[in-house]
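The model shown is predicted, which means the values in this text are computed figures rather than measured ones. All heavy atoms count here, side chains included; hydrogens, waters and symmetry mates do not. A, B, ... follow the sequence lines: proteins, then strands. Residue 1 opens every chain.
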Number of protein chains: 2
Amino acid sequence: MDNPQNTRERILDSALNLFSRKGYHDTRMDEIVEESETSKGAIYFHFPSKERLFLALMDQFASLLERRIREAIEQEDEGMQRVRAALTACLDTFGKYRLPAKIMLVQAVGLGAIFEKKRLEVNDHFANLIRTYLDEAIKVGDISPVDTEIVSHAWMGAIYSVVIRWVYTGEPEPERILSTLLPLLLRSVSYDDSIA
Amino acid sequence: MDNPQNTRERILDSALNLFSRKGYHDTRMDEIVEESETSKGAIYFHFPSKERLFLALMDQFASLLERRIREAIEQEDEGMQRVRAALTACLDTFGKYRLPAKIMLVQAVGLGAIFEKKRLEVNDHFANLIRTYLDEAIKVGDISPVDTEIVSHAWMGAIYSVVIRWVYTGEPEPERILSTLLPLLLRSVSYDDSIA
DNA sequence: TACAGCAAACCGACTGGTCAGTCTGTTGAT
DNA sequence: ATCAACAGACTGACCAGTCGGTTTGCTGTA
């Protein structure tokens, strides 16, 4: 009927909707079949298992986030401006992709070992990305030395938590998040952002 | 054989161990039976369902955390010292109760609506507690005005994220967490903590 | 002190509904 | 004719919860 790429994407799309709304365990494969208007056969042709289907969604979003952050960093000069750009890109991407964000930050938590591994992997990856540029900022002299391992994880947590709240309640608006959270984070390492 | 309180606690204890290690869905009631050396009957005599058993663990820890934070706050003077005490108590309690912390911060996430409601409830509760005393600190003049709604949630997230990491990897040690995270959070609202 | 009566506390084999994954096809393009 | 891309009825493992039965401790009675 349609081309296979289309079917695969319809499946991913419906899975994204259902998983993000109802969570992994409360979403039945048959529901994904119904919503995507495909069939059990189609799903299991494109994905070997429910688990892998979910992981595919996680990967999809992780790649997107990674790409966006890297692009943002590349356009800035060395030092704290890069950290700032990374945080902005991160918040911006979460803001633009609400459903995948919820999958990543909420629905992927507390599932078994496989998902947890992937989640921690992605999480650590971004924390380390932030950490690298924080270290750079310290080297360059933009900020004074801090325990960047803890700072980077604390930052991720701060962002996640505010974003999660926004995902659920729609408040506060992304605009207000950005304008409050960013200065907050930068201040936490004694960086004055008043140049913006 | 034993008194009923004993059985109930053995069940809660085993459930805590298993849920925190394997998560809600990967823990079978029969495993709790085995580990607690009781029986299906005993469990369902004390708890109406698996769901309620898990919720009981959440409540248990939420009460403990609440009590500890309130006690810590009461022993301090108005203003930023109270905020400081609350954060310290929070980190301290998570540190002392690793398994319940994992239940609360990890395993309770992404389960259905009932658990999510409870989790957001508890989360918001503590965020609001922090917020109240942040507002007080602003009123008293310890710090200049900030968006306390976002700050309080960001703080909770920062704490959670670092604690979760510690729960999984055992690093960094609670000592280092406290001595890095606390100044970080306080600095984020421009409060100089050098009096400590 | 013995014992019946009774209920709370507990035991564990069993069940019934659920659902991921399978399998036997069908369709349509090359 | 062949095979990728589906369709959808079916299965069987899994597991929360049940239920008839047993034990334990307590209370009143003689």
Side-chain angles (χ1 to χ4, degrees), chain A residues 1-59 103 107-108 110-116 118, chain B residues 1-59 103 107-108 110-116 118:
Chain A
M1 196 190 287
D2 287 329
N3 73 67
Q5 207 50 39
N6 231 328
T7 302
R8 197 188 134 92
E9 261 153 40
R10 280 222 313 283
I11 292 167
L12 280 170
D13 209 56
S14 301
L16 175 63
N17 274 316
L18 287 161
F19 281 142
S20 69
R21 194 166 70 244
K22 319 181 31 165
Y24 182 78
H25 285 289
D26 286 348
T27 299
R28 325 271 151 243
M29 289 307 257
D30 286 331
E31 292 180 290
I32 300 177
V33 167
E34 198 180 358
E35 164 141 354
S36 63
E37 289 175 304
T38 58
S39 68
K40 252 336 187 3
I43 293 186
Y44 281 91
F45 176 78
H46 287 286
F47 305 93
S49 66
K50 186 183 180 183
E51 194 176 288
R52 294 289 201 84
L53 173 55
F54 191 88
L55 285 172
L57 288 170
M58 289 183 76
D59 276 328
I103 292 252
Q107 309 298 17
L111 308 178
I114 312 105
F115 296 98
E116 211 55 34
K118 169 68 93 189
Chain B
M1 196 189 287
D2 287 329
N3 73 66
Q5 206 51 38
N6 231 327
T7 303
R8 197 188 134 92
E9 261 153 40
R10 280 223 312 284
I11 293 166
L12 279 170
D13 209 57
S14 300
L16 175 63
N17 273 317
L18 287 161
F19 281 143
S20 69
R21 194 164 70 246
K22 316 179 34 163
Y24 181 78
H25 286 289
D26 286 348
T27 299
R28 326 271 150 243
M29 290 306 258
D30 286 331
E31 292 179 288
I32 300 178
V33 168
E34 199 180 357
E35 162 141 355
S36 63
E37 288 175 306
T38 59
S39 68
K40 249 346 187 357
I43 292 186
Y44 280 91
F45 176 77
H46 288 287
F47 305 93
S49 67
K50 185 183 181 184
E51 193 176 289
R52 293 289 200 85
L53 172 55
F54 190 88
L55 285 172
L57 289 170
M58 289 183 76
D59 276 328
I103 291 251
Q107 309 297 18
L111 308 178
I114 312 105
F115 297 98
E116 210 55 33
K118 169 68 93 189

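A donor-acceptor pair under 3.5 Å is absent between the side-chain atoms of A:S14 and the main chain of A:I11, judged by distance alone.
Protein atom CD of B:E34 is 12 Å distant from nucleotide atom P of C:dG12, rounded to whole Å. Residue B:F45 contributes atom CZ, which lies 15 Å from atom C1' of D:dT22 at whole-angstrom precision. Residue B:I11 contributes atom CD1, which lies 11 Å from atom C1' of C:dA9 at whole-angstrom precision. Regarding B:E9, its CD atom lies at a distance of 14 Å from the P atom of C:dA9, rounded to whole Å.
Every pair passing side-chain hydrogen bond (donor to acceptor under 3.5 Å, both in side chains) that includes a residue from residues 39-58 of chain A is listed here, sequence neighbours excluded: A:D30-A:K40.
The phosphate of D:dC6 has neither OP1 nor OP2 within less than 4.0 Å of any side-chain N or O from A:T38. Remark: A:T7 is in phosphate contact with D:dC6, judged by side-chain N or O atoms under 4.0 Å from OP1 or OP2.
B:E31 meets the salt bridge (Lys or Arg N to Asp or Glu O under 4.0 Å) test with B:K22; sequence neighbours excluded. For A:F47, there are no ring pair (Phe, Tyr, Trp, His ring centres under 6.0 Å) partners, not counting sequence neighbours. Under the ring pair (Phe, Tyr, Trp, His ring centres under 6.0 Å) criterion, A:F45 pairs with no residue, sequence neighbours left out.
Relative orientation of the B:F19 and B:Y24 rings is parallel, given thresholds of 30° and 60° on the angle between their planes.
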Distances for protein N or O near nucleotides 14-17 of chain D N or O, under 3.5 Å:
residue: D:dC15; atom: OP1; partner: B:R28; partner atom: NE; Å: 2.6
residue: D:dC15; atom: OP1; partner: B:R28; partner atom: NH1; Å: 3.3
residue: D:dC15; atom: OP1; partner: B:R28; partner atom: NH2; Å: 3.1
residue: D:dA16; atom: OP1; partner: B:K50; partner atom: NZ; Å: 3.2
residue: D:dA16; atom: OP2; partner: B:M29; partner atom: N; Å: 3.0
residue: D:dG17; atom: OP2; partner: B:Y44; partner atom: OH; Å: 3.0
residue: D:dG17; atom: OP2; partner: B:K50; partner atom: N; Å: 3.0
residue: D:dG17; atom: N7; partner: B:K40; partner atom: NZ; Å: 3.0
residue: D:dG17; atom: O6; partner: B:K40; partner atom: NZ; Å: 2.5

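A salt bridge links A:K118 to A:D59: one of the charged nitrogens lies within less than 4.0 Å of a carboxylate oxygen.
Here the OG atom belonging to A:S36 is positioned 12.5 Å from the CG atom belonging to A:L16, to the nearest 0.5 angstrom.
Proximity of residues 13-23 of chain A to DNA chain D (heavy atom under 4.0 angstrom from any strand atom) is not detected for any residue.
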